[in-house]
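The structure appears right after this line, and notes come after that.
The model shown is predicted, which means the values in this text are computed figures rather than measured ones.
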Amino acid sequence: MPTGAITQYIDVAQLVLYAFWVFFAGLIFYLHRESKREGYPLEIEGNGRVIAEGFPSMPKPKSYLLRSGRVVTAPNPRRETQTPAGVPFANHLGAPLEPTGNPMLAAIGPGAYAMRPDIPDLTVSDAPRIVPLRADPTMGIDPHDLDPRGLPVMGTDRRVAGTVRDLWIDRAEIIFRYIEVELAGATDGRTVLLPMNFARVKARGVMVDAITGAQFADVPRTKSDVQITMLEEERVMAYYGAGTLYATPSRSEPLL
């Protein structure tokens with residue numbers, strides 16, 4: 001018999017191939033089951049609170065010790081407390097939701113967000129990751145760049161919503177994340193945050209196409225004026241995201 005042959009019909013290479021097939025099938029099974037640590041069990045739409053795990057079933061709960069000292073268990077029985085303010089557009093499963101009330105705050109479509117922990121994200125030194133420049137004197141604006149502080153902020157209708165009060169910087173990535181806008185006409189100096197990726201900074205002002213000037217007044221506010229939590233970031237970003245579809249009636253109408 002040739003080298004490596006065990007019998008006339010089985011050799012070492014064949015056994016190695018079979019072993020690889022078994023290992024690979026087991027790996028797929030393991031990874032698929034581990035992917036169900038978050039987002040499961042599923043709630044079947046249209047059947048109330050019916051729970052579905054699918055195959056394979058969810059893995060056993062495992063606890064993870066985070067660097068901050070918090071312990072997170074996954075999967076866990078925690079259910080989403082967020083209820084989108086909308087009703088199905090039609091009676092079939094999977095029908096899109098039509099917002100009820102203020103569509104900018106309905107948490108639907110581009111305005112949807114995840115219920116992240118209501119605590120600030122931290123740097124490796126356990127300091128708040130995103131803070132205004134006034135809270136960190138070691139950070140600043142490059143002298144070659146335009147300093148937007150004091151410039152007007154205008155919505156998609158070119159109505160002035162307020163003026164730039166400060167910039168909020170991500171101390172881990174060394175990049176500006178938000179523009180702090182002091183609202184026009186606010187006697188108490190109320191401010192809201194504007195994500196940088198929704199802003200266009202120009203010499204004549206900061207232009208925002210996502211929302212109108214009047215809609216700045218309803219931007220979700222932060223509990224602190226020197227830091228922002230992960231949940232607050234979700235809500236602020238979702239508000240401007242919702243504006244891309246709901247800021248004006250024409251945006252949610254069909255093109256044809």
Side-chain angles (χ1 to χ4, degrees), residues 35-54 74-121 130 153-157 159 161-162 168 177-179 181 183 190-200 207-223 228-256:
S35 71
K36 295 187 175 184
R37 289 198 177 274
E38 292 184 312
Y40 283 82
L42 301 177
E43 296 176 6
I44 301 178
E45 184 181 1
N47 291 315
R49 311 292 287 186
V50 177
I51 292 177
E53 295 186 16
N76 56 66
R78 183 177 67 87
R79 310 294 284 271
E80 287 288 350
T81 57
Q82 179 187 16
T83 303
V87 294
F89 187 78
N91 293 326
H92 60 81
L93 294 180
L97 297 178
E98 186 175 12
T100 57
N102 186 351
M104 303 287 290
L105 299 171
I108 291 175
Y113 60 89
M115 296 297 293
R116 299 179 68 195
D118 195 17
I119 56 176
D121 198 4
I130 301 177
V153 178
M154 290 168 279
T156 187
D157 55 356
R159 176 182 172 182
W168 289 48
R177 295 292 186 189
Y178 299 96
I179 294 175
V181 182
L183 297 179
R190 185 158 58 98
T191 62
V192 296
L193 295 181
L194 165 63
M196 286 296 302
N197 51 323
F198 283 99
R200 296 294 179 267
M207 309 298 174
V208 181
D209 289 330
I211 64 177
T212 65
Q215 290 167 340
F216 274 86
D218 293 328
V219 174
R221 300 182 62 187
T222 60
K223 298 187 294 288
I228 183 172
T229 69
M230 289 182 277
L231 178 58
E232 289 170 342
E233 284 196 76
E234 287 281 328
R235 296 183 63 203
V236 169
M237 292 292 293
Y239 185 86
Y240 289 92
T244 62
L245 182 61
Y246 300 119
T248 60
S250 61
R251 292 185 177 181
S252 57
E253 294 296 325
L255 295 177
L256 299 178

Find the distance between [atom1] ([X]) and [atom2] ([Y]) and round it off to the nearest 0.5 Å.
X: Arg200; Y: Asp209; atom1: CZ; atom2: CG; value: 7.5 Å
X: Glu38; Y: Asn76; atom1: CD; atom2: CG; value: 8.5 Å
X: Met207; Y: Met154; atom1: CE; atom2: CE; value: 3.0 Å
X: Leu193; Y: Ile130; atom1: CG; atom2: CD1; value: 9.5 Å
X: Asp118; Y: Ile228; atom1: CG; atom2: CD1; value: 10.0 Å

Nearest heavy-atom pair of [X] and [Y]: which atoms, and what distance?
X: Gly213; Y: Ala161; result: O-CB, 3.5 Å
X: Ala199; Y: Ile179; result: CB-CD1, 4.0 Å
X: Ala217; Y: Leu183; result: CA-CD1, 4.0 Å
X: Gly243; Y: Ile211; result: CA-CG2, 4.0 Å
X: Lys36; Y: Glu53; result: NZ-O, 2.6 Å

Compile the donor-acceptor pairs under 3.5 Å between side chains in residues 231-238 and protein atoms, sequence neighbours left out, one pair per line.
{"residue": "Glu232", "atom": "OE1", "partner": "Thr229", "partner atom": "N", "Å": "2.9"}
{"residue": "Glu232", "atom": "OE1", "partner": "Thr229", "partner atom": "OG1", "Å": "3.4"}
{"residue": "Glu232", "atom": "OE2", "partner": "Lys223", "partner atom": "N", "Å": "2.9"}
{"residue": "Glu232", "atom": "OE2", "partner": "Lys223", "partner atom": "NZ", "Å": "3.2"}
{"residue": "Glu233", "atom": "OE1", "partner": "Tyr178", "partner atom": "OH", "Å": "2.8"}
{"residue": "Glu234", "atom": "OE1", "partner": "Ala114", "partner atom": "N", "Å": "3.0"}

When the side chains of residues 99-107 are checked against the rest of the protein, which donor-acceptor pairs come out under 3.5 Å, sequence neighbours left out?
{"residue": "Thr100", "atom": "OG1", "partner": "Ala85", "partner atom": "O", "Å": "3.3"}
{"residue": "Asn102", "atom": "OD1", "partner": "Met104", "partner atom": "N", "Å": "3.0"}

(request) Taking ring pair (Phe, Tyr, Trp, His ring centres under 6.0 Å) as the test, write out the residues that go with Tyr113, two or more places apart. (result) none
(request) For Tyr240, enumerate each residue passing the ring pair (Phe, Tyr, Trp, His ring centres under 6.0 Å) test, keeping only those at least two apart in sequence or located in another chain. (result) Phe198
(message) With a 6.0 Å cut-off (strictly less than), is the heavy-atom count around CG of Asn91, excluding the residue itself, greater than 12?
(response) no
(message) Please check if the number of heavy atoms outside Arg190 that lie under 6.0 Å from its CZ is greater than 12.
(response) yes
(message) Going by the rule side-chain contact (heavy atoms from CB on, under 4.5 Å), which residues pair with Thr212 if we only count those two or more places apart in sequence or in a different chain?
(response)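 With sequence neighbours excluded, Thr212 shows a side-chain contact (heavy atoms from CB on, under 4.5 Å) to Thr156, Asp157, Ala214, Gln215, Thr248, given in chain and number order.
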(request) Can you sort out the partners of Ala74 under side-chain contact (heavy atoms from CB on, under 4.5 Å), two or more places apart, ordered by chain and number? (result) Arg37, Tyr64
(request) Could you list all the salt bridge (charged side-chain N to carboxylate O under 4.0 Å, His left out) pairs where at least one residue sits in residues 87-113, not counting sequence neighbours? (result) none
